[in-house]
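Residue numbers start from 1 in every chain, and the chains themselves are labelled A, B, ... in the order their sequence lines are given, proteins ahead of strands. Computed from a prediction, not measured in an experiment: that's the story for all the values here.
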Amino acid sequence: MGKAIGMVVLSLVAAALLWVVNCSGPRPEVRDVRLQAPESDGAPYRIEVEIANPWRGHGQAAVTIRLIDTDRGLTVIEQRKIALEPDEQTVLVAEIAAPPGRYTPQVEVRYPPR
Amino acid sequence: MERSILRETGEHSPQEFARRVRWLAASYVAMASGSVAGIVILIWQGALFVDLAQRSNVETLVLAFLLVFFGYLTLISAPGAFGALRLVWFWLRALGGDTVLVDRRKAAALGPPTGPHPRVALNILLEAADAPGEPMRFELHDEAGDLGPLTVDGAQVTHQHAHRDGAYSLLPFFIHQVNLLLRERGEPGDVEIVEWDSTNDEAAALLISLTRFARNLGRRLGEPALWPTVTLSAPECHRLAEVLTTIVPTLRNETFLPHWEYSAEHKLPLIPEPLGLISLSRTEKRVDPMATMGCAVLVVLAALAVLCLLVLFPPWVPGT
């Protein structure tokens with residue numbers, strides 16, 4: 001009886017480990033955000049987001065970029081989807097057509113994507 | 001195996017009986033805390049679970065089902081968890097103190113009897129050798145108080161409880177002790193509880209009436225043993241009374257816990273629905289609360305483990 005229970009517990013732990021190793025999604029995190037103002041009138045803002053997936057899972061993540069102009073209370077939002085491989089570090093470059101202003105960038109990366 | 005796991009869980013000796021009550025109390029606490037933790041995780045990580053459900057083609061209503069499931073089990077286990085905490089409180093007060101005084105306080109805290117007396121029907125008539133045809137009475141009391149007598153009247157065994165709703169688990173324990181005595185005599189020891197008031201009171205009442213009819217008929221015909229009868233000698237009755245006295249403190253503890261009495265059915269569909277051509281099933285008329293609550297605790301802990309796994313390691317889901 002004890003052996004049988006032990007085997008069941010061992011099987012459950014093994015299944016949980018295999019699940020974690022082979023079936024889990026990524027764990028994306030934002031490492032760095034750089035915002036470049038447009039060099040000419042009418043040109044878009046360029047934002048570079050360094051995103052890392054230090055986990056062995058893979059899958060699609062959703063990136064939400066917010067340019068917040070606190071002076072005017074204005075927020076410009078851009079959404080992107082990226083596919084992340086295990087232990088991958090990537091740079092997402094986005095060009096956002098936003099009216100001129102003093103923007104602070106805010107980036108959120110989310111898994112699973114909505 | 002089903003006898004030791006489902007019907008008579010930990011009811012073979014006074015020590016096992018005491019251990020069983022401790023495990024039962026612990027299982028109520030585990031079930032209540034696990035269910036509350038499940039509700040908290042579902043609400044706290046609700047957005048994640050909805051995302052996962054939507055992305056993986058799992059019906060989002062499953063989350064509502066889990067909420068109802070955890071809520072139901074919280075309601076079921078809350079009185080037991082409260083009773084277990086009260087037992088811990090009494091245990092702490094008894095440390096290095098007067099245990100009899102603490103047991104008296106327990107008895108006072110339990111209050112008067114409520115509900116019908118726990119009653120079962122046996123497959124045979126049980127009689128005392130020195131008073132055939134008369135009810136037997138085993139007092140359940142110790143220095144701290146009285147728990148009400150256990151009476152055996154032919155096939156009917158009743159705990160005439162003095163506090164709350166009594167204890168059904170006392171009855172299989174008693175029958176197990178009777179069987180031990182019979183085996184010591186070299187007899188098969190196959191006295192069985194065949195009907196339980198808690199799960200089917202009509203069938204129990206019918207069987208008890210039938211055995212009384214057989215008794216009356218036997219008396220009229222001058223043939224007393226029409227219905228199979230087991231007779232206990234005076235020393236055997238004395239030994240039974242002694243064993244029952246040893247479990248009085250444990251029974252008092254168990255009375256703090258609710259008695260969820262259930263029957264059980266195990267089904268193994270070999271060819272599952274919608275065809276359902278072959279299905280194996282087995283039923284038990286009454287399952288010990290330790291078995292049912294123990295299973296419920298395992299299910300709650302397994303569900304909780306899966307939820308934690310999904311939160312800590314969200315699974316891969318297809319992208320858009």
Q | Which atom of A/P113 lies closest to which atom of B/R55, heavy atoms considered | A |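 Closest approach of A/P113 to B/R55, heavy atoms only: O-NE, 2.9 Å.
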(Q) Report which part of B/A305 has an atom under 4.5 Å of a heavy atom belonging to chain A: side chain, backbone, both, or neither. (A)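 Contact with chain A: none, neither part.
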Q. What distance separates B/L48 CG from A/Y111 OH, expressed to the nearest 0.5 Å?
A.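 Going from CG on B/L48 over to OH on A/Y111, the span is 9.5 Å.
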(Q) Distance check, rounded to the nearest 0.5 Å: A/S24 atom OG versus B/L309 atom CG? (A)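 Nearest 0.5 Å value for the OG-CG distance: 9.0 Å.
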Q. Would the number of heavy atoms belonging to other residues, nucleotides or ligands and lying under 6.0 Å from CG of A/D71 be above 12?
A.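 Yes, because the 6.0 Å sphere around CG of A/D71 holds more than 12 heavy atoms from other groups.
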Q) Heavy-atom count around B/F69 CZ within 6.0 Å, excluding the residue itself: above 12? A)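 Yes.
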Q | Positions in residues 30-58 of chain A that reach chain B, provided some heavy atom is under 4.5 Å away | A |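 Counting heavy atoms that sit under 4.5 Å from chain B, the residues of residues 30-58 of chain A involved are A/W55, A/H58.
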